[in-house]
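Before any comments, here is the structure.
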Amino acid sequence: MPINVTMPRLSDTMEQGTVVKWHVKVGDKVTSGQVIADIETDKATMEQAVFDDGLIARLVCPEGKQVKVGEVIAVLAEEGESMDSAAVAPAAAGPASSPPAARPAAQPAASAGSPAPAREIVADVEAVEVGERMRVSPVARRMAEEMGVDLAQVKGSGPGGRVIKRDIVLAAENRSSAARPAAAPAQGIVAAGPSAVSGAPAGGALVPGVQSVEVPVSSMRGVIARRLVESKQGIPHYQVSMRFSMDALMALRTQLNEQLSAMEVKLSVNDFIIRACALAMARHPFFNASWAGDRILLHQQVNVGVAIALPEEKGGGLVVGVVRDAHLKSLRQISGEVRALGEKARTKGLSMEEMSGATFTISNLGMFGVDNFTAIINPPNSAILACGAAIEQPVVRNHQLAVGWEMSATLSLDHRVIDGAMAAKYLQGLKQFVETPTMLLV
Amino acid sequence: MTAVREIEFRDALREAMSEEMRRDKRVFLLGEEVAQYNGAYKVSRGMLDEFGPRRIIDTPISESGFAGLAIGAAMMGLKPVVEFMSWSFSLVAADPILNNAPKMLYMSGGQFGCPVVFRGNDGAGGQLGSTHSWCVEGLYSNVPGVKIAIPSNPYDAKGLLKSSIRGDDPVFFLESERMLGNKGHVPEEEYVIPFGQAKVLREGTDCTVASWGRPVHFCMDAAEELAKQGISCEVIDLRTVRPLDIGTVVRSVRKTSTCVVVDQSWSFGSPGSELASQVHRHCFDDLDNYVHRVHTADVPTPYATNLEQDYLPNARRIAEAIRSATYNL
């Protein structure tokens with residue numbers, strides 16, 4: 001039997017992938033564990049290994065082509081099997097039995113010479129179509145969506161490997177042991193500010209009379225677009241802002257960085273904000289929560305996601321690196337982790353582990369001199385903090401005009417979980433930590 | 001109510017006609033052998049005695065002539081019932097029944113309706129050969145302007161024939177000589193059955209089996225057999241194919257996700273293909289398999305008895321289709 005190599009699901013959110021490069025060609029002998037291709041997912045490019053020994057009989061998916069998870073990308077011939085037969089064999093799982101429709105009905109009057117051309121044509125058509133496409137009956141597809149069953153993980157029991165209703169019911173039953181959170185949308189990607197998502201007609205001029213250059217949408221850009229539209233359309237967002245006096249924090253930061261410079265510690269303003277946000281959760285658990293349809297989940301771990309912009313030359317985009325258990329970590333630990341995440345994101349790319357599990361997210365554009373902005377919630381979070389720059393400016397202190405450091409921060413909130421007054425109280429709590437930054441040291 | 005009264009299909013037809021003739025003096029019956037011979041299949045037995053030769057009329061062997069006569073009478077306000085000894089013979093009257101009756105109201109701009117009922121035996125009667133075994137619904141249901149009833153039992157036959165006679169439109173009423181002797185419950189009390197109302201004969205959860213006329217019985221046999229194997233069928237008797245009660249079928253398919261249509265006419269361009277098409281359209285996201293169809297084989301009706309048996313939809317072929325549709329092969 002030929003062995004199908006299918007597009008793997010390399011992340012929770014991955015729905016399709018691209019074979020960026022084949023490392024093998026037809027006729028090559030491969031052994032189990034050998035890397036045969038580089039697969040670009042929505043997040044990263046990963047290596048794809050085979051799990052069987054054999055000969056590459058066919059490379060179904062050309063380089064650069066995006067295919068759905070579960071689709072056949074290559075076919076292996078087993079030891080001793082003719083490569084030709086493997087190459088032409090139907091790639092879909094299951095025996096190539098003739099579908100029932102093609103079976104001629106009783107033909108009692110064969111001698112009457114009655115032709116039945118229609119049936120033969122059908123038989124031809126079906127024979128051609130049995131192939132690479134994943135076959136799913138309409139009701140099975142609908143049920144999979146409703147029940148959250150991953151079609152790529154379901155083995156079809158119908159003709160030609162078609163996934164049918166009973167396969168979905170079975171898959172859902174099997175899965176019920178591995179209980180997942182009710183709403184577990186993909187994690188890891190967030191965008192701040194205008195995300196420039198729009199449904200443009202393919203190839204059409206959006207602005208009449210103006211010539212445009214088309215930029216292909218990368219996997220990551222596609223995910224950003226899809227998830228942020230989902231978030232902005234599905235979550236009742238609202239924003240609450242507050243200004244913080246940063247004099248004490250800036251002074252403390254300067255002092256600490258001077259004292260710790262020999263140890264290569266360089267605390268950023270954002271490191272303080274991360275710690276402050278995480279500590280504030282203790283008294284404001286709803287900011288570290290998820291809306292789950294019929295209930296709200298208060299997470300027992302504070303994992304702060306930090307939006308990281310990727311360099312233009314790497315195709316731009318952004319990812320969210322996650323500082324786990326941020327409420328239990330010191331400023332120094334947080335600072336080190338954030339720096340490492342940023343460097344890795346900009347060079348090698350983050351692993352799934354490093355991008356998933358955020359329970360609250362911070363986006364900071366302060367380093368670009370931005371005063372203030374609003375961000376879109378990173379589902380399934382219920383809040384995101386958008387931080388502007390700490391700016392030295394005229395301030396009023398004790399009825400006197402003075403010069404001081406100020407920073408503006410804006411929370412975007414899911415109103416299903418958090419009401420306005422709650423948001424105000426959280427910001428007050430945050431303000432206390434930020435304006436009395438020594439509290440962040442203990 | 002008294003004890004359950006069981007009468008034959010042919011008696012139910014006669015009761016329907018006689019009751020309507022008593023009720024409405026405009027109703028009359030004409031056809032070959034309907035009067036003095038009491039009907040070639042004894043459907044009109046005793047009607048000549050009761051209603052006399054002005055209302056029970058023997059015609060010459062000239063379908064085109066008496067069908068045309070009936071249409072003219074209907075246009076002028078009478079309510080004729082035409083008996084074709086076999087619907088196979090209606091083919092020689094194709095112009096009056098297909099080209100005149102269904103279009104009269106339309107072509108006269110509403111001046112003339114055509115309240116005529118054509119009725120008779122349809123389908124293979126048993127070794128009658130290729131030319132006498134027509135299932136005309138395959139051809140005739142294609143024509144807009146007609147109503148077509150294909151009852152499967154005495155109760156429906158009586159109720160549908162009464163509403164056919166009372167209605168204002170031309171009706172093709174398709175019976176089967178293989179069912180005229182079938183007995184079934186028909187109450188003494190008067191009732192009519194409106195067109196376009198399917199009946200769920202058997203409830204089930206795994207497969208919707210939709211049919212009309214004689215094959216309904218084979219569907220019930222197949223459902224009974226499959227129930228023993230754990231396949232639960234919902235059998236629906238459409239009763240009329242024009243109008244077609246698609247709603248009842250759709251509701252059922254949304255529950256079962258699979259559908260087998262059983263139609264004793266040929267498959268190409270048939271009521272069965274129309275029903276399947278409508279199910280595909282209305283139930284696209286509900287289907288677990290394409291709609292399977294069981295028809296007579298795509299050949300002229302064979303004469304030999306064994307071949308004829310295989311040619312017709314039968315319980316074995318229906319069960320096979322249901323197993324295939326439900327992935328239980």
Side-chain angles (χ1 to χ4, degrees), chain A residues 92-123 125-126 129-130 135-147 149 151 154-172, chain B residues 124 129-130 133 205-207 253-260 266-269 273 276 279-314 316-318 320-329:
Chain A
S97 61
S98 70
R103 177 186 306 163
Q107 298 280 353
S111 60
S114 168
R119 292 184 199 285
E120 280 153 31
I121 292 167
V122 167
V125 169
E126 301 231 351
E129 279 193 355
V130 174
R135 307 176 125 210
V136 187
S137 87
V139 74
R141 195 176 287 283
R142 201 194 64 196
M143 286 169 65
E145 197 165 303
E146 286 169 1
M147 301 163 83
V149 170
L151 278 173
V154 179
K155 186 163 159 43
S157 67
R162 184 189 299 152
V163 175
I164 61 176
K165 194 173 170 180
R166 77 162 76 108
D167 300 328
I168 302 296
V169 172
L170 220 64
Chain B
S130 293
S133 301
T205 54
D206 298 335
C207 185
V253 174
R254 293 210 167 129
K255 180 174 70 174
T256 62
S257 302
T258 57
C259 183
V260 172
W266 289 308
S267 63
F268 199 107
S273 62
V279 170
H280 281 133
R281 177 184 158 201
H282 294 295
C283 301
F284 185 77
D285 290 317
D286 306 290
L287 286 169
D288 201 26
N289 206 334
Y290 65 90
V291 176
H292 284 50
R293 290 159 57 199
V294 180
H295 288 265
T296 49
D298 196 18
V299 292
T301 314
Y303 177 79
T305 181
N306 59 332
L307 294 183
E308 190 183 43
Q309 276 307 303
D310 249 9
Y311 157 92
L312 293 169
N314 50 48
R316 179 184 56 76
R317 287 180 51 207
I318 294 166
E320 204 171 280
I322 294 169
R323 273 196 295 267
S324 169
T326 56
Y327 302 104
N328 282 299
L329 278 176

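Quick caveat, the model's predicted, so the values are computed rather than measured. So you know, we letter chains A, B, ... as the sequences are listed, proteins then strands, and number each from 1. These numbers come from the heavy atoms of this one structure, side chains and all, not from hydrogens, waters or symmetry mates.
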[X] [atom1] to [Y] [atom2] distance, which is reported to the nearest 0.5 Å:
{"X": "B:Thr256", "Y": "A:Lys165", "atom1": "OG1", "atom2": "NZ", "result": "6.5 Å"}
{"X": "A:Met143", "Y": "B:Asp285", "atom1": "CE", "atom2": "CG", "result": "12.5 Å"}
{"X": "A:Arg141", "Y": "B:Phe284", "atom1": "CZ", "atom2": "CZ", "result": "9.0 Å"}

Smallest heavy-atom separation, B:Asp286 atom then A:Arg142 atom, equals OD1-NH1, 2.6 Å

Heavy atoms of B:Leu287 and A:Pro138 approach each other most closely as O-CD, 3.2 Å

Are side-chain heavy atoms of A:Arg162 and B:Asn289 found at a separation under 4.5 Å? yes

Given side chains that start at C-beta, do those of B:Tyr290 and A:Ser137 come closer than 4.5 Å, heavy atoms only? no

Partners of B:Ser133 by side-chain hydrogen bond (donor to acceptor under 3.5 Å, both in side chains), sequence neighbours excluded? none

